There are 2 protein chains.
Amino acid sequence: MNKKEQIFKAALSLFSENGFHGTPTSKIAKLAGVANGTLFHHFTSKEQLINDLYLELKKELVEVSFLDLNDKNNLEVNLKQIWLSNINWALENKAKVIFLQQFLNSPYLTEDTKKEVDTLAMTYYQMMERALKENKIKKIPFDLIYVQATQQMYGVINFLLEMEDFNNKNEIIDHAFDMFWNGIKT
Amino acid sequence: MNKKEQIFKAALSLFSENGFHGTPTSKIAKLAGVANGTLFHHFTSKEQLINDLYLELKKELVEVSFLDLNDKNNLEVNLKQIWLSNINWALENKAKVIFLQQFLNSPYLTEDTKKEVDTLAMTYYQMMERALKENKIKKIPFDLIYVQATQQMYGVINFLLEMEDFNNKNEIIDHAFDMFWNGIKT
DNA sequence: ACATTTACCGACTGATTAGTCAATCTATGA
DNA sequence: TCATAGATTGACTAATCAGTCGGTAAATGT
C-alpha cells in the first residue's frame, strides 16, 4: 500500500468518526504513518482530500453494483441484484457508508465532484431507459426514480446498521426491495 | 424578535451555506447583531447551538405535518396531506431543509438529540399502527416504513430544489407519492 | 427602594491548525 | 556514473477561533 492509499485509509477512518472539523490533517498524517508535508504533496488542501476520497468511494460502489450483473436477466432480477450488492457492500464497509452519507449534503463537495458523480450514475440510467421502453415500469422521470432508489437504499442500510440482532436481516432487505419495486412496476 | 431568535436565524443562514467548520461563532454573533459573549450566554457551546437549532426545526416540521390533518379521512388521504405539507414547507424554507439534511448524518448531533427526535416521530407511528391493524398496508415493520417515508420525502425535495422550471412540480410530487403508496398498500 | 438574578457586552487569550518550505532521500533513465 | 524529477520529511508560522471574564444594564421580585 503506497502512502497515498495509507492517507486515504486514515482519512476515511477519522472523518467518518469525527467529521471534517473534528479531524486535523496532522492526525490523518500521523495515523497514516507519513509526515505532515506528505499529505499536502498528494492533496492540495484538506477539502481536496475529501473530494478525492468521496469520488473514489462512489466509483467503488458503482463497480460493486455491476459486478455480478447479467444482461440476459430481466429488470427486476437485475435491480434486486444491484440492491443486494450495494447493501452487502455497505454492511461490510460501515465507515465508507458513513463517510458518503456525511458528506453527501455537506458544503465541502465541489460542483466538479458532484458533476463527476452524476456521470457515474449514467450506467444506471441506461438500464432504466431500456426498461421504460419495454413498458416494464411506470412512466416516471428516470431522475426521480434514480433519486428515490438511492434514498431508499440508504434508508435500508441505516436501518440495518442500527439493528442490534441480524436474524431477520434478509427479510428486511426483501421487504424494502418489494416496497421499491411495487412503487415503480407497471 | 429576541436575541436568542436572532442568533437562531443567523446561525441557520450561515450553517446551511457554509457548514459547521465554515462558520465561526463570531460571524454568527455579528450577523445576529449581538455580542460574542451573548451567544455563549444562551448556548453553552457551538455544538449545543447546532443541537438546539436542529431540534427546533424538527419540531416545526412535525407541527406543519399535522396542521391540516383530519382524523376522519382515510389513511391514504392523510398520508398525502402530510406529504404535501412537508414538501411545501421544504420548498418555502430551503435553508432549513439544507440544514436538517446537512446535520442529520453529522457527528455533531448528540445521542440525546437523536432520542428526542425519535420521540417526535411517535405521532406518526400511532397513525401507521392503526392502519396496519385495519389491514390497509402491508405487514412491514413500522420503523422501516417510517425510515423509507422520510428518505423518499427528502428525495423529492432535493429533486424539486434542483429543478430549474417548476411547471410540472405538482406532477412530480404526485408521482413520488404514488411510488411510496404503491410500495406499502395491500 | 433595594436586592438579586438574568441579559448583555466586547476585549482578550490559550490553543489549535492548515498549509509552507528548505532540505534530504529515492527512482529512473541515459 | 551522473543528472533530473518526484517523493518525503518535520519544524515552523501566520491566522483563526471557541470560549472566558470582569463589568454594566435591565428586569424581576419583595
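Letters A, B, ... are given to chains in the order of the sequence lines, protein chains preceding strands, and every chain is numbered from 1. None of the values given here were measured: they were computed from a predicted structure.
Look at CZ on A:F43: it is 14 Å from C1' on D:dA7, rounded to the nearest Å. For A:K4 and D:dT8, the NZ to P distance is 11 Å, given to the nearest whole Å. Taking atom CZ on B:F40 and atom C1' on C:dT6, their separation rounds to 19 Å, with Å as the unit. Summarising the geometry, the separation between NE2 on A:H42 and P on D:dA7 is reported as 7 Å, rounded to the nearest angstrom. The distance between atom OH of A:Y108 and atom P of C:dA18, rounded to the nearest whole Å, is 11 Å. Atom pair A:H41:NE2 and D:dG6:P shows a separation of 9 Å (rounding to whole Å applied). Atom NZ in B:K46 sits about 8 Å away from atom C1' in D:dC17, given to the nearest Å. Whole-Å rounding puts the A:I7 CD1 to D:dA7 P distance at 12 Å.
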Please output the side-chain donor-acceptor pairs of residues 177-186 of chain A that fall under 3.5 Å, not counting sequence neighbours, one pair per line with the distance.
residue : atom : partner : partner atom : Å
A:W181  : NE1  : A:E76   : OE1          : 3.4
A:N182  : OD1  : A:K185  : NZ           : 3.1
A:N182  : ND2  : A:D178  : O            : 3.1
A:T186  : OG1  : A:N135  : O            : 3.2
A:T186  : OG1  : A:K136  : O            : 3.2

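Looking at A:K59 and A:E56, no side-chain N of the basic residue comes within less than 4.0 Å of a carboxylate O on the acidic one, giving no salt bridge.
A distance-only check finds no donor-acceptor pair linking the side chain of A:K3 to the backbone of A:G33 [under 3.5 Å]. Judged by distance alone, the side chain of A:Q148 and the main-chain N or O of B:Q152 form a donor-acceptor pair under 3.5 Å. Counting only distance, with no hydrogens or angles, the side chain of A:D52 and the backbone of A:F43 share no donor-acceptor pair below 3.5 Å.
Note on B:T38: a side-chain N or O is less than 4.0 Å away from OP1 or OP2 of C:dC9.
Within 4.0 Å (heavy atoms only), A:S45 reaches sugar-phosphate atoms of the nucleic acid but no base atom.
Of the residues in residues 17-37 of chain B, B:V34, B:A35, B:N36, B:G37 come within less than 4.0 Å of DNA chain C through at least one heavy atom, sorted by number.
Here B:Y124 and B:F66 bring their ring centres to under 6.0 angstrom of each other. Aromatic rings from A:Y108 and A:F15 are positioned such that their centres are separated by 6.0 Å or more.
Nearest nucleotide to the B:K3 side chain, out of C:dC9, C:dG19, D:dA18: C:dC9.
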